Novice: 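Next up is a structure, given as structure tokens.
Being a predicted model, the structure only gives us computed values, none of them experimental.
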Amino acid sequence: MTDSAADALLPVNFIRARIDEDCAAHTYGQKVATRFPPEPNGFLHFGHAKSIFLNFGIAADYRAACPESYCNLRLDDTNPTKEETEFVDAIRADVAWLGFDTAGREFYASDYFERLYHCAERLIEAGFAYVDSQDADALRATRGTLTEPGTDSPFRSRSVAENLDLFRRMRAGEFPDGAHILRAKIDMSAGNINLRDPAIYRIRHAHHHRTGDAWCLYPMYDYAHCVSDALEGISHSLCTLEFADHRPLYDWFLDRLADLGEFTRPLPQQIEFSRLNLTYVVLSKRKLIQLVSEGYVDGWDDPRLPTLQGARRRGYTPAGFKLFTDRIGISKSDSLIDFSVLEDCMREVLNETAERRVAVLDPIKLVLTNFPADQREPCFAPNHPHHSELGKREIALTRELWIERDDFMAEPVKGFFRLTPGKEVRLRYGFIIQCTGFTADANGRVIEVQATYDPDTKSGTPGSESRKVKGNIHWLSVADAVPAEIRLYDRLFAVPAPGARREGDAPERDRDFLADINPESRHIQTGMVEPALAQCAPETRCQFERLGYFVADARDHQTGKPVFNRTVSLRDSWQKTGG
RNA sequence: UGGGCCGUCGCCAAGCUGGUUAAGGCACUGGGUUUUGAUCCCAGCAUACCUAGGUUCGAAUCCUAGCGGCCCAGCCA
């Protein structure tokens, strides 16, 4: 039970329990083989991250017990009208970003077109498939409904010879799109609609991103997927719950093909788990496409989008996603994870790894009236409070400083313990100061705060600890601070379930998810940052002390012209309590 | 009288070949540390497992009947 500490850290779920048995019994020899099979018709989103860590994670973990284990990246490109190379490249990059090397393990369903075709002929020869010449409307009309059985096609009893001839001519390009399809001959009265003679092949005179114009006949998912799994020696084919109804079909194809000698047993087995649902976002491909194409966001990598590319630009980390997927687990129950769980995971990782820096997002000037105008007092700020090995850096304190507008209140509310007239506060890593006054413009807006500092209270000097003040605010010297573009992001949607019906809405009818977009999801402002931040590389992550985690924008940040995106704010129990 | 899946603490989630004090995490609450109202540390947090019956010495775990939720009628994946 307690073999090692490492065992205790491995995720526990029903899928791993199943695999444990197969692995121990060597059902599939010395391997556990999985695959991650996205269709290259869009960008990967947070839901895919769950699947990636599941599939690649299992292959990695089981190598200890079954050394030949692997996970394939398979591009499921069986529909030439929707798929593009651009997406393939993005998918590969995202998988790599999450930490998985797919070198030598990258496959395409389109690589198997010839083999798929061959197997289809075998199926026809064995009487398990036939060419149907009804049009799409007729097919729909004869499929039946959820409660009524379908009816047999008039073409269902064509001879093997005729089926084979037609199928070959379909491949040869003799027929236009839609003229015929190849169907599995199963049972038009099955309660499971997927078994009512499902389509196996359709004619599509279309250019495929990899096979070009070599084919005008393309296999359907249900057929291509299980065969692809078998060809790749997949042992456990993991997919989401909505495919559970397809499992009988998955097994039907493979069983028959195995009987015909095309595959050897044991055959791959499909296991379903529930997909990720997150509050305040949409994870449907259709809706993401709409948000991008209609300009509600700035592109597929907009930091507000739940795409992996967006997350990366937002400053989210692969380790954060790993923590998240471990934390939410794998099961078959419909779950709805609060977005804050993901944010907390990012905070947890960033807290450990991100160096601290100082930035003032909404600056007002603070003048230390008893501080000499020509003096520069060196102060030392540690780069990480828990990791002294990361060193410290010098920041100079001068007479004129920038402080956060929020850190001063002319008339403090109850519980406010930062700067306020007559009160003391510590300038972080500097001195204790006392507020002596402030000046406001004609509109009553504070434009400057005055204070005096106590030279005997410098941080790090003997005795400085003895004087306790509750407030502790960050600051930047006016002389040294560099202006920076700061992009503050909030949730893209204002409600937990975008597009969902709410109380008072007409029944049985969803609202337009676009109406739930949060108009305040992005604020761009100019703040001040410490000089070092103007020199850092794009994608550098750090914590702006007391504010949150930020990342130098991958596209727009330049040396001397800094641009930072807020990844996530720090937790704030002051704001939370309504202060 | 269609088929499939699910229902354990606010959110996740173990357990479900019957016998455990019903794991664990997150959130939350209280206390401690702290020059980030952050972090960190300690403590607390389901006599209860959708409901109602039944079997049993004993049921979250087995049986029956209900209730609730999700998915399926693409020549999409």
Novice: Please name all residues satisfying side chain to side chain donor-acceptor pair (under 3.5 Å) with E83(A), sequence neighbours left out, ordered by chain then number.
Specialist: none
Novice: Please name all residues satisfying salt bridge (charged side-chain N to carboxylate O under 4.0 Å, His left out) with R426(A), sequence neighbours left out, ordered by chain then number.
Specialist: none
Novice: Which part of the nucleic acid, if any, lies within contact of I203(A), taking any heavy atom under 4.0 Å across all strands shown: a base, the sugar-phosphate backbone alone, or nothing?
Specialist: nothing
Novice: Under 4.0 Å between any heavy atoms, over every strand shown, what does G150(A) touch: base, sugar-phosphate, or nothing? Just pick one.
Specialist: nothing
Novice: Within the 4.0 Å heavy-atom criterion, would you say A136(A) contacts the bases, only the backbone, or no part of the nucleic acid?
Specialist: base
Novice: Measure from OH on Y221(A) to P on G74(B) and round the result to the nearest Å.
Specialist: 17 Å
Novice: Reckon I330(A) touches a base, only the sugar-phosphate, or nothing at all at heavy-atom distances under 4.0 Å?
Specialist: sugar-phosphate
Novice: Rounding to a whole Å, what distance do you find between L54(A):CG and A13(B):C1'?
Specialist: 14 Å
Novice: So what does S274(A) touch, heavy atoms closer than 4.0 Å: a base, only the sugar-phosphate, or nothing?
Specialist: nothing
Novice: Find the distance D197(A):CG to C75(B):P and express it as a whole number of Å.
Specialist: 12 Å
Novice: Give F243(A) one of three labels, base, sugar-phosphate or nothing, depending on what nucleic acid heavy atoms sit under 4.0 Å from its own.
Specialist: base
Novice: List the protein contact pattern of nucleotides 36-46 of chain B with one symbol per nucleotide (5' to 3'): B for base contact, S for sugar-phosphate-only contact, - for none; contact means a heavy-atom distance under 4.0 Å.
Specialist: BBSB-------
Novice: Is there a donor-acceptor contact under 3.5 Å from the side chain of Q270(A) to the main chain of S237(A)?
Specialist: no
Novice: Just say parallel, tilted or perpendicular for the rings of F550(A) and F544(A), cut-offs at 30° and 60°.
Specialist: parallel
Novice: Calculate the interatomic distance between I337(A) atom CD1 and C26(B) atom C1'; express it in whole Å.
Specialist: 10 Å
Novice: Measuring from the side chain of R204(A) (C-beta onward, heavy atoms only), which nucleotide among C26(B), C76(B), A13(B) has the closest atom?
Specialist: C76(B)
Novice: Counting the atoms with a prime plus P, OP1 and OP2 as sugar-phosphate, which does E343(A) contact under 4.0 Å by heavy atoms, base, sugar-phosphate, or nothing?
Specialist: nothing
Novice: How is H246(A) classified with respect to the nucleic acid when contacts are heavy atoms under 4.0 Å: base, sugar-phosphate, or nothing?
Specialist: base
Novice: What is the nucleic acid contact for D135(A), judged by heavy atoms within less than 4.0 Å: base, sugar-phosphate only, or nothing?
Specialist: base
Novice: With RNA chain B as reference, determine whether V341(A) or I328(A) sits nearer its 5' end, using the nearest nucleotide of each.
Specialist: I328(A)
Novice: Picking from Y223(A), F113(A), Y112(A), Y201(A), what satisfies ring pair (Phe, Tyr, Trp, His ring centres under 6.0 Å) with Y218(A)?
Specialist: F113(A)
Novice: Are more than 12 heavy atoms from other residues, nucleotides or ligands located less than 6.0 Å from atom NZ of K423(A)?
Specialist: no
Novice: At under 4.0 Å between heavy atoms, what does L146(A) touch on the DNA or RNA strands: base, sugar-phosphate, or nothing?
Specialist: base
Novice: For the pair D456(A) and R467(A), find out whether any cationic side-chain nitrogen is under 4.0 Å from an anionic carboxylate oxygen.
Specialist: no
Novice: Assign each of N41(A) and K468(A) to its nearest nucleotide of RNA chain B by heavy atoms, then name whichever residue's nucleotide is nearer the 5' end.
Specialist: K468(A)
Novice: Nearest to the S335(A) side chain among C75(B), C12(B), A77(B), which nucleotide is it?
Specialist: C12(B)
Novice: Is it true that a side-chain atom of D197(A) and a backbone atom of I186(A) form a donor plus acceptor pair closer than 3.5 Å?
Specialist: yes
Novice: Using a 6.0 Å cut-off, check whether atom NZ of K287(A) has over 12 heavy atoms from anything other than its own residue.
Specialist: yes
Novice: Does NZ or CZ of R541(A) lie under 6.0 Å from the centre of the six-membered ring of Y549(A), at an angle within 45° of the ring axis?
Specialist: no
Novice: Find the distance K50(A):NZ to C12(B):P and express it as a whole number of Å.
Specialist: 11 Å
Novice: Using a cut-off of strictly less than 4.0 Å, decide whether R196(A) has a side-chain nitrogen or oxygen near OP1 or OP2 of C72(B).
Specialist: no
Novice: Got a salt bridge between R74(A) and E232(A), using NZ or NE/NH1/NH2 to carboxylate O under 4.0 Å?
Specialist: yes
Novice: Considering only residues two or more places apart or on different chains, which pairs with a residue in residues 137-146 of chain A satisfy salt bridge (charged side-chain N to carboxylate O under 4.0 Å, His left out)?
Specialist: D137(A)-R140(A)
Novice: Within this structure, what is the CD1-to-P distance between I193(A) and G74(B), rounded to whole angstrom?
Specialist: 8 Å
Novice: Please list each protein N or O that sits under 3.5 Å from an N or O in nucleotides 4-9 of chain B, with the distance.
Specialist:
{"residue": "G4(B)", "atom": "O4'", "partner": "D245(A)", "partner atom": "OD1", "Å": "3.4"}

Novice: Nearest whole angstrom, please: distance from the P of A77(B) to the CG of L249(A).
Specialist: 13 Å
Novice: Can you tell me how far C1' of C11(B) sits from CG of D338(A), to the nearest Å?
Specialist: 7 Å
Novice: Any salt bridge linking D326(A) with K322(A)? Criterion: basic side-chain nitrogen under 4.0 Å from a carboxylate oxygen.
Specialist: yes
Novice: Should stems be defined as at least three consecutive Watson-Crick or G-U pairs with both distances under 3.5 angstrom, which of them involve RNA chain B?
Specialist: B:2-7 with B:67-72, B:10-12 with B:24-26, B:28-32 with B:40-44, B:50-54 with B:62-66
